[in-house]
Amino acid sequence: MKIINQELLTGERACFKAENTKITQSVFADGESPLKESRNIILENDIFRWKYPLWYSKHVTAENVQLLDTARSGIWYTHDIKIKNSVIQAPKTFRRSSAIALENVQMPNALESLWSCEDIELTNVNVTGDYFGMNSKNVKLENVTITGNYCFDGAENVEVSNSTLLSKDAFWNCKHVVVRDSTIVGEYLAWNTEDITFINCTIESNQGLCYMKHVTLDNCKLIHSDLVFEYVEDLQADIKSDIISVKNPISGSIVADNIGEIIFDDPNIDSNKTKISLRKAV
C-alpha cells in the first residue's frame, strides 16, 4: 500500500484516481476534488479544506479526519465509506452515496446532508442542520441527536433507537419507519407518512401525526400535543399521557390517560370507526 504522510496537498485533483493508498497527518488545502475516483483509501488524522474531496470513490475508511466548512459538498456518488471519531463541518455532505457508516461523528453544519443515499448506519452522531436525510433509504440510527427541521423527508426503511430529534416536520412523506426509545420535539410530525411505529417514545408536537396510514404508537407519551391524528387511517395508539386534543381520525383505536377535546367536524368521517377510551375519567 502506498503511504502519504505529513504532506500539504494542493491543486485540483491532487490525488486523482488514487488506489490502495494510506494518507496520514496530511492537509488537503486549495484545489477541488482531491480524491475523486479513488479506491481502497485509508485516511487518518487528515484535514480537508476545499470542495468535493471524495466524489465517485469506493471503499474508504477514515478516522480522526476533519472536513472544514469550505470542504462543502464533500462526499457524493461514493460507495462504501466508514468514518469514525471525526468532525464534518461542511454542509451538503453525502449525496447519492451508499454503504455509509458514521460512528462518533460531529456534524455541526449538516444543512442538506445525506440526500438520496442508501444503506446507512449512524452511531453516536450529532447533527445540526435542516433537511437532513431527504429521500434516503435503509437508514439505521443509534444514539443520534438531530437539531434541525425537515429531517428524513421522503425517506424509506428507517430505524431509530435511543435518539433525540428536535425537528419541525420530521418524517414527512416517509414509508416504513420504526422509532424506539426516543424523544421527538417539533410541530407537524410525520404528515403524509405510511407505516410508521413509535415504541416507548416521548413526543411533543403541535398538530402532529396527520394525513397518515398504518400508524402505531406503543407505550408512548404525547406531551402538550394538540389536534393530533387528523385523517389518520388504521391507527393503533397506546398513549401513557394526556392528549390536549384529537381531531378527525379516520379509523383505529386510541387509548390515553385523558383527552382534553375530541373533535369530529368532518361530516364525511364516521366517528364510530375509531374506538377512543380513557384510563381515567375526564
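Bear in mind the structure is a predicted one, so any value in this text is a computation, not a measurement.
Within the 3.5 Å criterion, the main-chain N or O of E19 finds no donor-acceptor partner in the side chain of N40. Panel note: side chain S33, backbone P53; no donor-acceptor pair is recorded below 3.5 Å. Side-chain N or O atoms of W172 include one that pairs as donor or acceptor with a backbone N or O of Y188 at under 3.5 Å. Side chain of T216 to main chain of T197: no donor-acceptor pair is present (N/O by atom type, distance under 3.5 Å, no hydrogens or angles). At least one donor-acceptor pair closer than 3.5 Å links the side chain of W55 to the backbone N or O of S73. With hydrogens and angles disregarded, no donor-acceptor distance shorter than 3.5 Å links the side chain of S167 to the backbone of L165. Using a distance-only test at 3.5 Å, with no hydrogens or angles considered, a donor-acceptor pair links the side chain of D130 to the main chain of N149. At least one donor-acceptor pair under 3.5 Å links the side chain of T78 to the backbone N or O of L54. No donor-acceptor distance shorter than 3.5 angstrom exists from the side chain of Q89 to the backbone of L68, with no hydrogens or angles considered. A donor-acceptor pair is defined here as one N or O able to donate and one able to accept, closer than 3.5 Å; no such pair exists between the side chain of S241 and the backbone of K221.
Residues L8 and I47 fall within the same hydrophobic cluster, defined by Ile, Leu, Val, Met, Phe, Trp and Tyr side chains chained together at heavy-atom separations under 4.5 Å.
Taking the side-chain hydrogen bond (donor to acceptor under 3.5 Å, both in side chains) definition, one finds that N85 meets it with E63, N104, sequence neighbours left out.
Atom NZ of K82 and atom CD of E121 lie 9.0 Å apart (nearest 0.5 Å). The line from CZ of F198 to CD1 of I239 is 10.0 Å long, rounded to the nearest 0.5 Å. With rounding to the nearest 0.5 angstrom, the NZ atom of K22 is 6.5 Å from the OG1 atom of T24. For the atom pair CD of E159 and NE2 of H176, the computed distance is 12.5 Å after rounding to the nearest 0.5 Å. T164 OG1 to I146 CD1: the interatomic distance, rounded to the nearest 0.5 Å, is 10.0 Å. Here the straight-line distance linking atom CD1 of I184 with atom CG of L222 works out to 10.5 Å at 0.5 Å rounding.
The heavy-atom pair separating Y56 from K36 by the smallest distance is CD1-CE, 3.9 Å. Heavy-atom minimum distance, Q25 versus D46: N-OD1, 3.1 Å. The shortest non-hydrogen separation linking S225 to I203 is OG-O, 3.6 Å. Across every non-hydrogen atom of P91 and R72, the tightest pair is CG-NH1, 3.5 Å. The shortest heavy-atom contact between K92 and S113 is N-OG, 3.3 Å. The minimum heavy-atom distance linking F28 with I23 is given by the pair CZ-CD1, 3.8 Å.
Evaluated for a side chain to side chain contact (heavy atoms under 4.5 Å, CB included) with I75, the options L114, L35, I83 yield exactly one hit, I83. Of the residues I250, V246, V228, L217, the one that meets the side chain to side chain contact (heavy atoms under 4.5 Å, CB included) test with L235 is L217. Here the options are K58, H79, E118, the test is side chain to side chain donor-acceptor pair (under 3.5 Å), and the partner is S98; only H79 passes. Across I81, N20, T21, a single residue satisfies side chain to side chain contact (heavy atoms under 4.5 Å, CB included) together with I41, and that is T21.
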Next item on the list: Go through the steps for I259 and I254 under the test side-chain contact (heavy atoms from CB on, under 4.5 Å), then give the verdict.
Entry: CA-CA 10 Å; I259 301 174; I254 303 168; 4.3 Å; yes
Next item on the list: Start with the C-alpha gap between N219 and D238, add the side-chain angles, then the distance that decides, and say whether side-chain hydrogen bond (donor to acceptor under 3.5 Å, both in side chains) holds.
Entry: CA-CA 5 Å; N219 193 39; D238 176 24; over 6 Å; no
Next item on the list: Just do the side-chain contact (heavy atoms from CB on, under 4.5 Å) check on Y211 and T193 with the steps written out, would you?
Entry: CA-CA 7 Å; Y211 293 90; T193 282; over 6 Å; no
Next item on the list: Take N109 and D69, measure what side-chain contact (heavy atoms from CB on, under 4.5 Å) needs, and give me the verdict at the end.
Entry: CA-CA 8 Å; N109 185 14; D69 179 71; 3.2 Å; yes
Check: Run the salt bridge (Lys or Arg N to Asp or Glu O under 4.0 Å) check on D257 and R279 step by step: do they pass?
Finding: CA-CA 5 Å; D257 289 351; R279 290 192 179 86; 3.5 Å; yes
Notebook entry, point to check: How far apart are the C-alpha atoms of W191 and D169, what are their side-chain angles, what is the distance that settles it, and do they pass the side-chain contact (heavy atoms from CB on, under 4.5 Å) test?
Noted result: CA-CA 8 Å; W191 282 34; D169 295 359; over 6 Å; no
Check: Does the side-chain hydrogen bond (donor to acceptor under 3.5 Å, both in side chains) test come out yes or no for N162 and E142, once each step is laid out?
Finding: CA-CA 6 Å; N162 301 302; E142 173 69 34; 2.8 Å; yes
Check: Given the rule in the side-chain hydrogen bond (donor to acceptor under 3.5 Å, both in side chains) test, do N248 and D266 qualify, once you have shown the distances and angles that lead to the verdict?
Finding: CA-CA 7 Å; N248 292 329; D266 185 335; 5.2 Å; no
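A heavy-atom distance below 4.5 Å is found between the side chains of L43 and F48. For the pair F171/V179, a side-chain contact is recorded, criterion being any heavy-atom separation below 4.5 Å from C-beta on. Proximity of C220 to C201: side-chain heavy atoms (C-beta onward) are separated by under 4.5 Å at one or more points. Under the 4.5 Å side-chain criterion, counting only non-hydrogen atoms from C-beta, Q236 is not in contact with V215. Annotation: side chain of F229 is not in contact with side chain of T274 (no heavy-atom distance under 4.5 Å). Put simply, the side chain of I269 reaches to within 4.5 Å of the side chain of Y231, judged on heavy atoms. Between M107 and L102, the closest side-chain pair of non-hydrogen atoms falls below 4.5 Å. You'll find the side chain of S245 stays beyond 4.5 Å of the side chain of I262, heavy atoms only.
Salt-bridge annotation for D195 and K175: absent, with no side-chain N of the basic residue lying under 4.0 Å from a carboxylate O of the acidic one. Ion pairing between a basic and an acidic side chain is recognised when a charged N comes within 4.0 Å of a carboxylate O; R13 and E32 show no such pairing. At a threshold of 4.0 Å, the pair K247-E261 does not count as salt-bridged, since none of the basic side-chain nitrogens sits closer than that to a carboxylate oxygen.
In the model, N200 has a side-chain atom that pairs as donor or acceptor with a side-chain atom of D181 under 3.5 Å. Counted by atom type alone, T183 and T202 present zero donor-acceptor pairs between their side chains at under 3.5 Å. For E44 and N64, the side-chain atoms include no donor-acceptor pair closer than 3.5 Å. The closest side-chain donor-acceptor pair between D153 and N173 falls under 3.5 angstrom.
Heavy-atom neighbours of Y150 OH from other residues, nucleotides or ligands within 6.0 Å: above the threshold of 12. Counting non-hydrogen atoms of other residues, nucleotides and ligands closer than 6.0 Å to CZ of R49 gives a total of 12 or fewer.
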